[in-house]
Amino acid sequence: MSERKRVEAMAWVCPVPLRQYDRVLLGHGGGGKLSAELVEHLFVPAFGSAPEHGLHDSAVLEPGEGRLAFSTDSYVVRPLFFAGGSIGEIAVNGTVNDIAMSGGQPIALSCGFIIEEGLAMDTLGRVVELMAGAARTAGVSIATGDTKVVNRGAADQLFINTAGVGRIPDGVDIRPDRASPGDVVIVSGEIGVHGVAVMSEREGIEFGTRVRSDSAALNGLVGAMLDAYLDIHVLRDPTRGGVAASLCEIAAAAGVGIKFEESLLPVPAEVAAACSFLGLDPMNIANEGKLIAIVPPEGVDDVLNAMLSHEHGAGAMVIGTVNDEHPGVVTAVTRLGATRVVDLPLGEVLPRIC
Amino acid sequence: MKYLDEFNDPVLAKSLFDEIRRITTQKWSIMEVCGGQTHAIIRNGIDQLLPDDVELIHGPGCPVCVTPLGVIDKALDIASRPDVIFCSFGDMLRVPGSSRDLFIVKSDGGDVRVVYSPLDAVNLAEQNPDKQVVFFAIGFETTAPANAMAVHMAKERGLDNFSVLVSHVLVPPAIEAIVGSPDNRVDGFLAAGHVCSIMGTWQYGPLVEKYNVPIVVTGFEPLDVLEGIRRVVAQLENGEAQLDNAYARVVSDQGNVPAQKMVEEVFEVCDRNWRGIGQIGVSGWRLAPAYRSFDAEYRFDVVDLDAPESELCRAGEVLQGRIKPNECEAFGNECTPRTPLGATMVSSEGACAAYYQYRRLTGTPVGI
C-alpha cells in the first residue's frame, strides 16, 4: 500500500486556469473547453493518472490471470464534509470495500461526478483532493471518469458514482451463501460510528464527545486476513442498515441461523448515548470502515490475530456463531440472557418518539 | 455510561428476576402502559425471563400506534398540499393511513420533514413566510409541553403561517377505560415514568382507590422495569393496592409545574378516539379557544375528515389483554409488519409485531 500523502484539502486553492470561475457552470459538463480545463487542471493532477498515450474514451487495464471482482456504488451524502470524512473518501473507500468483500484487491476505479450548477469550485476541488488521497491510501488508481453538470435544483450539490475492478487471489471463495452451521461471526471494530457522525453533523446534535466517521479502505485488512487463512467464508461491510441488515442478508442467502451476543457488540459510549437519545439501535446504524467476517472454527484464531494486528481491525471481536436451528433468522442474546429476533428495518431508520 | 450502564446490569437484573420468582405464588397480569417500556421489555427479552405466572400485557401507550386512522388521513391530506411544509417526528412517517403514508406523500411531491423538536418547526415557519408550516403534535403528556411551547412561541412571534395538527392523548383515562371495563384482566399497572415526570403522581391516587389496583410509577431501563414489576407483584401478593413511585430519581409527586402550566394555557381536555380501542371520554387535549387559530384542522378545513378503522383488526382486544395476537384471524394474513392493519402491528414493539417475530424464531407458521 502506498504511503498516504498528507492532503491539505481544506486549504485547497483553485489552480490558476480554473480561478476565473469560482463556481461550477453548466458548461463545465458540456464537453467543450471548460470541460477540458476541468479535466486537465483538476482531475488529472489530483488523480495522477494521465495515461502515457493521452486521454482517451476508456482506460485500458491488463488484468492478468484469474477472476475479477467488479462493483459499483453511488454516493449521495449530506453534508458533503463531516467529522472524520467526506463524500470523497466514502466514494473511494465504499467501492474499494465492496470489492474487498469478495476478497478482491482493487486495480482501478472509475469515477462519475454529477454536479449541481453553482457548486463552489473550491468545494469540488477539496472533494477531488480527498478522493485522490483515499485512492493513494487504498493503493488503487482512479483510471477513468466523467463529469456532468445539471441545472440548479436538479441535484443536491454533488453526487459521485464510482465503479471498480479488483483481482481475486486464487483459492479465495467468499460469498454470503457460504455461511455454514458452526462458523464463527467476527466484527472488525466499534460499530455505528459513521452514521452517528453524519447524523450529528446533519441535525446539529452534539453528543458530548465528537464522533468521527470510521471511513477507511479495508482491502489491506482483508489481504492480511486472507494471508493468515484463505478459506474465509463470508465478508460483508455493514454500511446502510448496519450490522443487523448485513447479518439478516447473510442468514437469508445461506439459509442458516445466526446468533450473537449483544454484550459482545463493540458499541462506543457516544454511539450508545446518541442512539438512546434518538431511539435508534446501534445495530441499524451505518458503518464505513468495518467488516463482518464469517469464518470456519478452525480459522478463527488466525483470522482474529491477523485482524488485531492491523490498524483497521484492532477492535475485532467474535460476536456469535452460525447455526442450523432457525434458518434465515438472526437472533440476539440480550444482556439479560433472553433471545430476541433481529429483523431488517423496513426502510429508513427513523428516530422514535417514545 | 452514567444512567445507562448502571440500570442495565445483568447481575442485578438476575437478582430481581430471582426475587420476583420467589415472591410469586399465583398468576398475575401486569400492564405496562408506556410504549417506551414495551420497547425495553421486548428489546431486552424481559418478558421471556419472568416466571410463567407473571404475564405482561403491552398497553396502549405508544403514541404512534394509538393515533387514529382519521387523524393520519388528516395529516396526509394537509401534507399533500403544495404550499405546506409538514413536520413530524420520524416514526409517524410510516404509519399507514387509509391508503398511503407520509413517505408516499413525500414521494408524490409533498414537503414532509422529520424534526426533532416542535420548536424546529416554529423556526421553519419563520424562515419560510410564504409557506404554511404544520407540525404533527401527537403524543402523551410527555410531548405536550414542548408542543404547547411551540404554539405559544408562534403566537408571541406573530407567526400566522404556523399551525399544529393535534392528537394528544392522556394516560389516566386510558388506564381507567381498561381497569373499569367489565372484562378487565389487568391486576396491576406500571405507570409511565416520563409522563409522570411532567404530570407528577397525584393523578393516579384516585384510580388506585376507586379500582383497588396497584399502580407503580416505573422507568425505562431494564432494572427500572424489573423493579416496577417486583413492586406490583409484591403488592398483589400482599393483597395491597397502593400508588408507589419506583422512578423517584426522575419523578416527583407534583411533577414539572411550569410544564403543566404551559400545557394548561395552550390546551384543553377533550374526548379522543384511540386507534384499536375507540372513543375514550376526556382522554386527550386539543388547542384551547385562545389558540384555536393555530389549529391545522380548522386552517385546512379537515375537521370532518374521518376514516373507519379496519373491521378485521382486533387490536383493541389485544391491547387490553383479552386475546393473544394469533387469535385474530387477520394476524399474519391480511395483517403483517409490512401491511399493518392496527396499532399493535404498526410499531416494531407492538404486541402483534413482537408476536410475529417470535413466531419466525420458533418456526411456527405465521398466518393461514
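For clarity, every value in this text was computed on a predicted model and none was experimentally measured. A note on names: the letters A, B, ... follow the listed sequences, proteins ahead of strands, and every chain is numbered from 1.
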**Q** Salt bridge check: are B:D9 and A:R335 linked by an N-O gap of less than 4.0 Å?
**A**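 Salt bridge between B:D9 and A:R335, a charged N being under 4.0 Å from a carboxylate O: no.
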
**Q** With a 4.5 Å limit on heavy-atom distance, are the side chains of A:L336 and B:K14 in contact?
**A**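 Result no, sub-4.5 Å side-chain heavy-atom pair not found.
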
**Q** Can you name the residues of residues 326-334 of chain A that have some heavy atom under 4.5 Å away from a heavy atom in chain B?
**A**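 Listed by number, the contacting residues are A:H326, A:G328, A:V329, A:T331, A:T334.
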
**Q** With sequence neighbours left out, which residue pairs that include part of residues 176-199 of chain A fulfil the ring-ring contact (aromatic ring centres under 6.0 Å, His included) condition?
**A**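 Sorted pair list: A:F82-A:H194.
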
**Q** Need one label for A:E262: side chain, backbone, both or neither, based on atoms under 4.5 Å from any heavy atom in chain B.
**A**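 When you check distances to chain B, only side chain atoms of A:E262 fall under 4.5 Å.
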
**Q** Test side-chain contact (heavy atoms from CB on, under 4.5 Å) on B:I42 and A:R340; report intermediate values, then the result.
**A** CA-CA 8 Å; B:I42 301 288; A:R340 72 183 173 90; 5.7 Å; no

**Q** Non-hydrogen atoms of chain B under 4.5 Å away: do they reach the side chain of A:S263, the backbone, both or neither?
**A**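 For A:S263, no heavy atom lies under 4.5 Å from chain B.
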
**Q** Which residues pass the salt bridge (Lys or Arg N to Asp or Glu O under 4.0 Å) test with A:E117, sequence neighbours left out?
**A**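 If we apply the salt bridge (Lys or Arg N to Asp or Glu O under 4.0 Å) test to A:E117, skipping adjacent residues, there are no hits.
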
**Q** Check each atom of B:F17 against the heavy atoms of chain A and say whether the ones under 4.5 Å are side chain, backbone, both or neither.
**A**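 Only the side chain of B:F17 comes within 4.5 Å of chain A.
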
**Q** Do other residues, nucleotides or ligands put more than 12 heavy atoms under 6.0 Å from the NZ atom of B:K106?
**A**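 12 or below, so no.
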
**Q** Take a 6.0 Å sphere around CE of A:M317 and say whether it holds more than 12 heavy atoms from other residues, nucleotides or ligands.
**A**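 It does: A:M317 CE has more than 12 such atoms within range.
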
**Q** Do any side-chain atoms of residues 236-255 of chain A form donor-acceptor pairs under 3.5 angstrom with protein atoms, and if so which ones, sequence neighbours left out?
**A**
| residue | atom | partner | partner atom | Å |
| --- | --- | --- | --- | --- |
| A:R236 | NH2 | A:E249 | OE1 | 2.6 |

**Q** Might you point out which heavy atoms bring B:G45 and A:A338 nearest each other, and give the distance in Å?
**A**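 Reported closest heavy-atom pair: O-CB, 3.2 Å.
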
